[in-house]
Amino acid sequence: PSEGAMMDNRFATALVIACVLSLISTIYMAASIGTDFWYEYHTLSPAENVTEAGRSIWEEFVSKDADEKTYTDALFRCNGTVGLWRRCITVPKNSHWYSPPETDMTTNCISFSLSDQFVEKYIEPGNHNSGTDLNRTYLWRLQFLLPFVSIGLMCFGALIGLCACACRSLYPAIATGVLHFLAGLCTLGLVGCYVAGIELLHRKLPLPEDVRGEFGWSFCLACVSAPLQFMAAALFIWAARTNRKEFTLLKAYRVA
């Protein structure tokens, strides 16, 4: 009985840790999808950039007809941030665009529509006659789809885990582990697609000399989520396989 209790405690501890890691990774993924700081642009002189041309920059930025080059130029000039669903720029809070540098600034955002997520990217951003850039087009679409696939796999794995608890069996935990492993691959793919997409975009539209770009904390959350998913997957699979192996050996011993 003591050995069985020790085994149960070991497996229970592994499953609890796996569940905690799974929950944290899900929260991180949800937060990264819902925030706008995947990539940030820092302009050295944003107040100068949004004085005389400020109104036209904002109108072009929020226009439904704004193409990739138009809103990317605005992101460069106005301390922009980009998420998976929205893009934001920092503009003067005062309605008068002719304002001194010390004027309060505010961040305004506009969402990417569903059609924007699947729109074609062009070899020369902004030039519709330059042909479709297939690499950037499919990278953009994948970075939109993969996070939802990742969260879906983890939620499905959680349902299987609840069924395992109801059945008082560790065998379904293998399926939960496999689903978390696939979710980790999707998250890793998302991170890779986003990095590649940003690098390819900046080859087409190089950063101005007075603009610095860097990956933001939303991107970092996705980067942290992937290893957490892999660790949770490893614990689920280890607990289920080891428990099955020891149960088989114990059964064979009793038969003998």
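Because the structure is a prediction, the values reported are computed rather than measured.
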Is there side-chain contact between [X] and [Y], with at least one heavy-atom pair below 4.5 Å?
X: W140; Y: V119; result: no
X: Y39; Y: S218; result: no
X: F118; Y: L145; result: yes

Quick one: do H202 and L207 satisfy side-chain contact (heavy atoms from CB on, under 4.5 Å)? Show the steps, please.
-> CA-CA 7 Å; H202 289 165; L207 291 173; 4.2 Å; yes

Where do R87 and I110 land on the side-chain contact (heavy atoms from CB on, under 4.5 Å) test, with the steps shown first?
-> CA-CA 6 Å; R87 57 184 187 267; I110 184 170; 3.7 Å; yes

Quick one: sort the [X] and [Y] rings into parallel, tilted or perpendicular, breaks at 30° and 60°.
X: Y122; Y: H128; value: parallel
X: W38; Y: Y194; value: tilted
X: F37; Y: W217; value: parallel

Working for side-chain contact (heavy atoms from CB on, under 4.5 Å), residues Y41 and I89 = CA-CA 9 Å; Y41 297 99; I89 58 175; over 6 Å; no

Rounded to the nearest 0.5 Å, what's the gap from [atom1] on [X] to [atom2] on [Y]? Could you check?
X: T137; Y: E120; atom1: OG1; atom2: CD; result: 6.0 Å
X: L185; Y: H180; atom1: CG; atom2: NE2; result: 13.0 Å
X: L179; Y: Q229; atom1: CG; atom2: CD; result: 11.5 Å
X: S225; Y: M154; atom1: OG; atom2: CE; result: 5.0 Å
X: L84; Y: S32; atom1: CG; atom2: OG; result: 6.5 Å
X: L200; Y: L205; atom1: CG; atom2: CG; result: 11.5 Å

Would you kindly check if the NZ (Lys) or CZ (Arg) of R141 is within the cone defined by 45 degrees around the ring axis of F144 and under 6.0 Å from the six-membered ring centre?
-> no

Is there a path from [X] to [Y] through hydrophobic residues (I, L, V, M, F, W, Y) whose side chains come within less than 4.5 Å of each other?
X: V20; Y: L228; result: yes
X: M231; Y: I174; result: no
X: L221; Y: W85; result: no
X: Y28; Y: L188; result: no
X: L21; Y: L153; result: no

[X] [atom1]: over 12 foreign heavy atoms closer than 6.0 Å:
X: F148; atom1: CZ; result: yes
X: K204; atom1: NZ; result: yes
X: F156; atom1: CZ; result: no
X: E209; atom1: CD; result: no

Over all heavy atoms of both residues, which pair between [X] and [Y] is shortest? Give the atoms and the distance, please.
X: P125; Y: E68; result: CB-OE1, 3.8 Å
X: G126; Y: D67; result: CA-OD2, 3.6 Å
X: I123; Y: S130; result: CD1-O, 3.3 Å
X: P147; Y: L142; result: CD-O, 4.2 Å
X: A173; Y: L15; result: CB-CD2, 4.4 Å
X: C88; Y: L75; result: O-CD2, 3.3 Å

Can M29 and L190 be said to form a side-chain contact (heavy atoms from CB on, under 4.5 Å), step by step?
-> CA-CA 11 Å; M29 276 300 299; L190 160 66; 4.1 Å; yes

Under 3.5 Å: donor-acceptor pair, side chain of T187, backbone of A183 | yes

